[in-house]
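A quick write-up on the structure given underneath.
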Protein chains: 4
Amino acid sequence: MEQKNKNNKYNLILEAAVKVFAANGFYNSTISQIAKEAGVADGTIYLYFKSKDDIMANFFSYKTKQVFDRFREVVELADDAVEKLRNLVRRHLEEFQADRNMAVVFHNEARQFHQGDVQISDITQMYLDILGEIIEKGQEEGQMRRDLYISLVKRYIIGAIDEVINTWVHAGGKYDLVTFTDPLVDLFINGIGSNINQNNNVR
Amino acid sequence: MEQKNKNNKYNLILEAAVKVFAANGFYNSTISQIAKEAGVADGTIYLYFKSKDDIMANFFSYKTKQVFDRFREVVELADDAVEKLRNLVRRHLEEFQADRNMAVVFHNEARQFHQGDVQISDITQMYLDILGEIIEKGQEEGQMRRDLYISLVKRYIIGAIDEVINTWVHAGGKYDLVTFTDPLVDLFINGIGSNINQNNNVR
Amino acid sequence: MEQKNKNNKYNLILEAAVKVFAANGFYNSTISQIAKEAGVADGTIYLYFKSKDDIMANFFSYKTKQVFDRFREVVELADDAVEKLRNLVRRHLEEFQADRNMAVVFHNEARQFHQGDVQISDITQMYLDILGEIIEKGQEEGQMRRDLYISLVKRYIIGAIDEVINTWVHAGGKYDLVTFTDPLVDLFINGIGSNINQNNNVR
Amino acid sequence: MEQKNKNNKYNLILEAAVKVFAANGFYNSTISQIAKEAGVADGTIYLYFKSKDDIMANFFSYKTKQVFDRFREVVELADDAVEKLRNLVRRHLEEFQADRNMAVVFHNEARQFHQGDVQISDITQMYLDILGEIIEKGQEEGQMRRDLYISLVKRYIIGAIDEVINTWVHAGGKYDLVTFTDPLVDLFINGIGSNINQNNNVR
DNA sequence: CATGAATGAGGTTTCATTCAT
DNA sequence: GATGAATGAAACCTCATTCAT
């Protein structure tokens with residue numbers, strides 16, 4: 001039960017921190033604000049986290065990672081590569097829409113925050129790996145072109161999703177994000193070109 | 001000449017600041033570090049900038065903007081929409097490769113930094129506008145599909161480019177970024193799908 | 001007890017500040033000096049006061065005001081107007097003699113310091129009010145002339161007392177200030193003129 | 001002519017400084033503000049004054065002193081002591097009314113500013129001396145009481161005048177100050193007591 | 001475990017003063 | 001003499017972190 005309590009307070013503080021970070025950014029947030037938001041004393045935070053940086057590190061290690069971990073589940077539910085990609089994109093948009101504070105912090109702070117460069121790289125790497133597997137499968141099964149620069153394709157997909165979420169975040173999260181699943185996947189698969197010039201645009 | 005001198009020191013400090021920001025991030029950089037890097041006294045910085053924030057604001061207002069302003073030139077050099085897009089992407093990668101510190105700061109800090117939200121939005125908006133024009137032209141001329149969700153397409157393109165640069169930045173800028181121009185444009189135009197499933201992937 | 005502690009440190013810092021201000025003047029005093037004098041860390045001061053200015057504001061709001069508040073008590077102890085005036089003057093001189101640092105700061109800084117002009121005006125106004133009441137009573141009872149320009153009389157009395165204290169302060173507080181009570185009141189009541197020219201000096 | 005020019009600029013800067021000090025107080029005024037007000041470069045000020053403090057010192061040494069020096073003239077014009085006092089008070093009010101900036105600075109800063117305690121003491125001492133002479137003459141001639149504590153009487157007069165000016169300054173200098181000459185002198189000579197209790201109020 | 005008062009290092013910013021032009 | 005860009009010392013204030021209770 002103690003463990004449970006500890007866990008509860010750990011999560012309580014982490015959620016509070018994410019909320020405060022989302023509102024003010026990491027560097028403009030204070031331990032006092034987080035403590036107040038969590039309803040605990042300033043000092044209590046140091047019973048669960050080593051430092052302010054460590055809160056952020058934990059956000060990436062646990063909170064964010066736990067979300068990303070669930071991505072693989074839906075990928076496995078689909079049979080073909082395109083559906084796997086579609087499931088991945090949908091789940092990604094769903095999760096970020098469901099926890100806007102997380103989305104804000106992830107988007108605003110991920111590029112800033114390096115602590116041994118571990119946490120964020122881990123998450124990104126995992127994401128890249130899933131994408132790599134999907135693409136390879138798509139190539140094997142003929143759904144995807146074989147002449148792809150795979151590491152570029154991964155970035156291309158991640159970047160587009162990321163920017164769509166980013167726009168949504170900055171718009172205040174007012175519209176439905178999941179709606180963009182199919183249009184996005186369509187762009188990934190078909191691009192924006194008309195059929196006519198399919199075969200003559202790469203020199 | 002006075003004007004020149006003034007300009008020189010303004011630029012001297014701005015370059016120094018960008019270098020320091022690129023190395024440590026905005027919040028972990030100090031005025032003293034910037035002054036040292038610029039070879040001036042701390043107080044001198046305040047003759048050219050109102051505050052530390054103002055340095056960043058100027059980075060976005062002048063330095064970055066000046067780079068982005070040059071994008072339109074190359075877009076106009078091309079005749080058809082796909083070539084315009086290709087020129088835009090190439091110039092984008094060229095400019096960011098040519099000034100890695102700028103690339104780092106722009107990529108790491110843009111989402112953090114808001115000062116009336118003006119500068120960065122301005123730049124992004126300008127970029128979005130150029131993309132919008134290119135896509136519309138492509139649609140008119142038949143190079144691009146007419147069933148596009150244009151505001152999404154813009155994000156899709158920006159996001160992909162951004163992520164490619166981001167990866168390059170985090171890799172230490174070691175490889176040639178401009179190489180990615182054609183593969184990227186190919187992905188934008190054709191997507192990753194093989195011809196077989198071109199027409200049945202949107203439900 | 002917590003309240004007591006808090007109060008203690010608030011007063012501790014306020015006393016230290018008054019001492020430092022008395023020695024160097026407000027603008028030549030530093031937070032560090034005050035902290036050292038109070039035996040606390042610099043930062044501790046900001047747990048009790050919002051800013052350096054706020055220390056001064058509190059000096060006027062609480063410390064000085066509390067002294068002046070006690071003036072009314074002795075005024076009420078006397079029956080006739082002249083005795084009321086005498087009690088007021090005596091108490092004034094007593095209080096300022098008892099707390100020379102307060103006297104110094106009040107005399108040196110009051111005219112400098114404005115923060116919404118509230119505190120000092122309040123004190124002065126209170127003093128003016130008491131004087132006004134005394135004079136009116138004196139007129140009703142026949143102890144004081146009826147042809148007085150009352151608002152001028154108030155200034156005349158305050159100014160004289162103030163200057164007597166000021167001289168004492170600048171002399172290093174070495175002599176007994178309270179001694180001047182009766183001579184001062186005598187001057188207020190009788191002026192410096194001999195009886196001979198009592199009635200022909202105002203044209 | 002150089003000497004003339006120098007003098008001109010000396011006075012130009014001194015006037016500008018007094019204006020700026022009157023508006024903001026000594027410590028909240030900057031050399032730049034004074035330079036701007038005087039229409040000269042910051043550095044130029046240091047050709048005429050050793051330091052910021054030295055400007056203030058010169059204000060007391062020359063500007064203020066020159067005003068006070070003129071007091072003696074009018075004192076000598078009168079024949080009897082009461083008229084001398086009246087002339088002194090009138091001239092005092094006239095001069096301060098004529099140069100409100102000077103009045104403001106003198107009143108607000110004199111108690112703050114000590115530089116070897118020379119200048120201000122000099123002025124005050126001169127004023128005290130004049131008063132002393134007047135009172136002694138008044139006693140000799142029978143216009144003033146012989147049982148006066150002279151050093152106290154001096155303070156009593158200075159303080160009252162000072163406070164009347166102070167009130168005028170804080171009211172924005174809106175009313176005519178010289179009007180108070182006669183009422184003030186009347187108070188000095190006759191006090192506020194009615195004839196009835198002239199001889200029994202000192203124990 | 002929890003608290004929150006206290007700490008003090010360190011940052012930004014101001015501004016009197018200097019000095020090369 | 002006059003300038004004003006440059007200097008850098010020094011001040012105020014914040015806030016992550018500690019630790020006695």
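A, B, ... follow the sequence lines: proteins, then strands. Residue 1 opens every chain. Values below: every heavy atom of this structure, side chains too, minus hydrogens, waters and symmetry copies.
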Original post:
Looking across every strand, which nucleic acid part, if any, lies under 4.0 Å from A:T44 by heavy atom: base, sugar-phosphate, or nothing?
Top reply: base

Original post:
What residue among A:F106, A:F60, A:F21 forms ring-ring contact (aromatic ring centres under 6.0 Å, His included) with A:F26?
Top reply: A:F21

**OP:** Report which part of the nucleic acid C:I31 touches: base, sugar-phosphate, or nothing (heavy-atom distance under 4.0 Å, all strands).
**Re:** sugar-phosphate

Subject >> Pair A:F49 + A:Y10: ring centers closer than 6.0 Å >> reply: yes

**OP:** Taking only the side-chain nitrogens and oxygens of A:K9, find out if one of them lies under 4.0 Å from OP1 or OP2 of E:dA2.
**Re:** yes

Original post:
Counting side-chain heavy atoms from C-beta on, which of E:dC1, E:dT7, F:dT3 comes nearest to D:V40?
Top reply: F:dT3

Original post:
Sub-3.5 Å donor-acceptor pair from the side chain of A:Q112 to the main-chain atoms of B:N108, do we have one?
Top reply: yes

Subject >> Most 5' of D:Y27 and C:I45 on DNA chain E, judged by nearest nucleotide >> reply: C:I45

Subject >> Closest nucleotide among F:dT17, E:dG11, E:dT13 to the A:K52 side chain >> reply: F:dT17

Subject >> Basic-acidic side-chain contact under 4.0 Å: A:K63, A:D99 >> reply: yes

Original post:
Who does E:dA20 pair with, Watson-Crick or G-U, both distances under 3.5 Å?
Top reply: F:dT3

Subject >> A:Y48 vs E:dA2: side-chain N/O to OP1/OP2 distance below 4.0 Å >> reply: yes

**OP:** Give the rounded distance in Å between these two atoms: CG of D:N28 and P of F:dC12.
**Re:** 13 Å

Subject >> Complementary nucleotide of E:dG10, counting Watson-Crick and G-U pairs under 3.5 Å >> reply: F:dC13

